[in-house]
Amino acid sequence: MTVRTIVPVILSGGSGTRLWPMSRPEMPKQMLALTANETMLQLTAGRTQGERYAAPIVVANARHADLVEQQLADAGAMPQALILEPTGRNTAPAIALAAIAAGGGGNALLVMPSDHVINDVAAFHAAIEAAMPLVSQGWLVTFGIAPDSPEIGYGWIQIGDELQPGVHRVARFVEKPPLDKAQSMLASGDHAWNGGMFLFQADAYLEALAQFDPGILIATREAMDKARTEGTRIYPDATAFAASPDDSIDYAVMEKAERVAVVPVAMGWNDVGSWDALHAISDLDDAGNAHRSEGGGNVLAIDTKQCFVRSDGIRVSLVGVEDLIVVASGNDVLIMPRGRSQEVKKLIEAMKTDAAKTDAAKTGAAH
């Protein structure tokens, strides 16, 4: 088989609110150096450099254009196209924009979120190579993460019959399950986590959209036909793109298509979806602490155990505490017990409510 070039498609439109206060709409988690000296976006781009891979197509929020370009330039990974979404419409339309920008033909697209950790890049590359023969035949391929816990925050994939070495038919996709179901799937040994990474030909994906969710295809094609370009920047037409259904690739295509395959792989994957997740993959001291400061931040901890502390400015001092998450960024400080970091979204909602009340009070006062 002829060695084909693979086009990386990096999805960078997320807001990463679960990592507040460091991750914010203007500086989401993929733009932060959370796990290494490089940012999550730079680490993602770095996984697909070399002769096998073309320059990436990046789909990002228009407000982050300068930031994305600067970070990729610093990493030596300038994109062939930077598609700047005027508004968020989920993964299925975002990937459609990239498939159209890639020419919509037989180019193999490797779709990757910009904010995930992969520690074993060689295993990831091996999984990609295992999938390529089926990709060349028009199959849609996803990567199933070898599970090590009954995770209820992820979708799962049931692994079906082997199609070729290391590649299986998808038996079914499973929504985020209750704990008892997750435990039974983990014990069964024939399920994997859905890591949200995909490999397929651009035309195969667009044909699947035409069959299963044509509204997305119509809207994204019109948005790209009417797009404005500035160098490598592509600004899809805002009105056309806003008409697209808001849907994930899983719902719109993967759960409906016939020829869908999965490559199960253990590659040290983590979606860094919470401060607890970041603590779990951080280097710990002898007492189980993960303390880190940057930008002049300072952490002083005495007699602390199993704590996660981050600061990008103010000094954070702790004495005689354990099992805490403490994150200081700008004027905001987050303190919560370890194990409850998913509840950050409650804080975000509460802050939105407070802001709405404040705005309403100001409006009332003005009248």
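Bear in mind the structure is a predicted one, so any value in this text is a computation, not a measurement. For the numbers below, each heavy atom of this structure counts, side chains included, while hydrogens, waters and symmetry mates do not.
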Report yes or no: do [X] and [Y] belong to one cluster of Ile/Leu/Val/Met/Phe/Trp/Tyr joined by side chain heavy-atom distances under 4.5 Å?
| X | Y | answer |
| --- | --- | --- |
| V58 | I118 | yes |
| L199 | W139 | yes |
| M224 | I95 | yes |
| M197 | V141 | yes |
| I10 | I100 | no |

Side-chain donor-acceptor distances from residues 178-187 under 3.5 Å, at least two apart:
residue	atom	partner	partner atom	Å
S184	OG	K181	O	2.8

For atom [atom1] of [X], is the number of surrounding heavy atoms from other residues, nucleotides or ligands below 6.0 Å larger than 12?
| X | atom1 | result |
| --- | --- | --- |
| D283 | CG | no |
| K345 | NZ | no |
| R63 | CZ | yes |

>> With side-chain contact (heavy atoms from CB on, under 4.5 Å) as the criterion, how do D213 and Y251 come out once you've worked through the C-alpha distance, each side chain's angles and the decisive distance to 0.1 Å?
In response: CA-CA 9 Å; D213 208 326; Y251 286 131; over 6 Å; no

>> Among residues at least two apart in sequence or on other chains, which ones pass side-chain hydrogen bond (donor to acceptor under 3.5 Å, both in side chains) with D276?
In response: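 With neighbours one apart ignored, the set is S341.
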
Could you tell me which non-hydrogen atom of [X] sits nearest to which non-hydrogen atom of [Y], and how far apart they are?
| X | Y | result |
| --- | --- | --- |
| A261 | L163 | CB-CD1, 3.9 Å |
| A240 | A219 | O-CB, 3.5 Å |
| P236 | A227 | CA-CB, 3.9 Å |
| M132 | A108 | CE-CB, 4.0 Å |
| A257 | L140 | CB-CD1, 3.9 Å |
| A77 | A45 | CB-CB, 3.8 Å |

Quick check: do [X] and [Y] have side-chain heavy atoms less than 4.5 Å from each other?
| X | Y | answer |
| --- | --- | --- |
| V167 | V262 | no |
| Y235 | I83 | no |
| V344 | T17 | no |
| I128 | R52 | no |
| P79 | L72 | yes |
| N194 | T142 | yes |
| M267 | H125 | no |
| M22 | W275 | yes |

Does [X] reach the main-chain N or O of [Y] with its side chain, forming a donor-acceptor pair under 3.5 Å?
| X | Y | value |
| --- | --- | --- |
| Q306 | N289 | no |
| T304 | C307 | no |
| Q42 | M31 | no |
| W156 | E151 | yes |
| H168 | G160 | yes |
| H64 | P25 | yes |
| Q30 | S12 | yes |

> Which pairs, with at least one residue in residues 8-33 and sequence neighbours excluded, count as a salt bridge (Lys or Arg N to Asp or Glu O under 4.0 Å)?
Replying inline: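 For residues 8-33: R24-D332, K29-D115.
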
> Any salt bridge (Lys or Arg N to Asp or Glu O under 4.0 Å) pairs touching residues 219-229, not counting sequence neighbours?
Replying inline: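 Sorted result for residues 219-229: E222-K226, R228-E230.
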
Spatial distance of atom [atom1] ([X]) from atom [atom2] ([Y]) [nearest 0.5 Å]:
| X | Y | atom1 | atom2 | answer |
| --- | --- | --- | --- | --- |
| E175 | I152 | CD | CD1 | 14.0 Å |
| T39 | Q71 | OG1 | CD | 3.5 Å |
| L209 | T220 | CG | OG1 | 6.5 Å |
| F200 | I249 | CZ | CD1 | 4.0 Å |
| S317 | N298 | OG | CG | 8.0 Å |
| Y205 | M254 | OH | CE | 9.5 Å |

> Out of L206, L109, V135, which one pairs with Q201 under the side-chain contact (heavy atoms from CB on, under 4.5 Å) rule?
Replying inline: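 It is V135; the other options fail the test.
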
> Can you list the other members of the hydrophobic cluster that holds L300, where links are side-chain heavy atoms under 4.5 angstrom apart?
Replying inline: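 Traced through the cluster, L300 reaches no other member.
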
>> Does anything in residues 83-112 form a side-chain hydrogen bond (donor to acceptor under 3.5 Å, both in side chains)? List the pairs, not counting sequence neighbours.
In response: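 Only N90-D246 qualify under side-chain hydrogen bond (donor to acceptor under 3.5 Å, both in side chains).
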
> Should E349 and K352 count as an ion pair when the cut-off is N to O under 4.0 Å?
Replying inline: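 A salt bridge is present here (some side-chain N lies under 4.0 Å from a carboxylate O).
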
> Would you call E162 and R169 a salt bridge, taking side-chain N to carboxylate O under 4.0 Å as the test?
Replying inline: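 Between R169 and E162 there is no salt bridge, as every charged N stays at least 4.0 Å from the carboxylate O atoms.
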
>> Set out, in order, the CA-CA distance, both residues' side-chain angles and the distance that settles salt bridge (Lys or Arg N to Asp or Glu O under 4.0 Å) for E69 and R233, then state yes or no.
In response: CA-CA 10 Å; E69 281 187 342; R233 292 186 181 188; 3.0 Å; yes

> Taking atom types as modelled and ignoring hydrogens, do the side chains of D74 and Q70 form a donor-acceptor contact shorter than 3.5 angstrom?
Replying inline: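 Their side chains do contain a donor-acceptor pair, which is all the 3.5 Å distance test asks for.
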
>> When you compare the side chains of S282 and H279, does any donor N or O come within less than 3.5 Å of an acceptor on the partner?
In response: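 No, H279 and S282 have no side-chain donor paired with an acceptor closer than 3.5 Å.
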
>> Run the ring-ring contact (aromatic ring centres under 6.0 Å, His included) test on W193 and F143 for me, step by step, so that the C-alpha distance in whole Å, both residues' side-chain angles and the decisive distance to 0.1 Å come before the verdict.
In response: CA-CA 9 Å; W193 293 336; F143 298 90; over 10 Å; no

> Under the side-chain contact (heavy atoms from CB on, under 4.5 Å) criterion, do Q211 and E258 qualify, and how do the steps go?
Replying inline: CA-CA 11 Å; Q211 182 177 355; E258 281 294 313; over 6 Å; no

> Can L324 and R338 be said to form a side-chain contact (heavy atoms from CB on, under 4.5 Å), step by step?
Replying inline: CA-CA 5 Å; L324 287 181; R338 275 188 51 231; 5.9 Å; no

>> One pair to check against side-chain contact (heavy atoms from CB on, under 4.5 Å): M112 and T48. What are the steps and the verdict?
In response: CA-CA 10 Å; M112 301 177 290; T48 53; 3.8 Å; yes

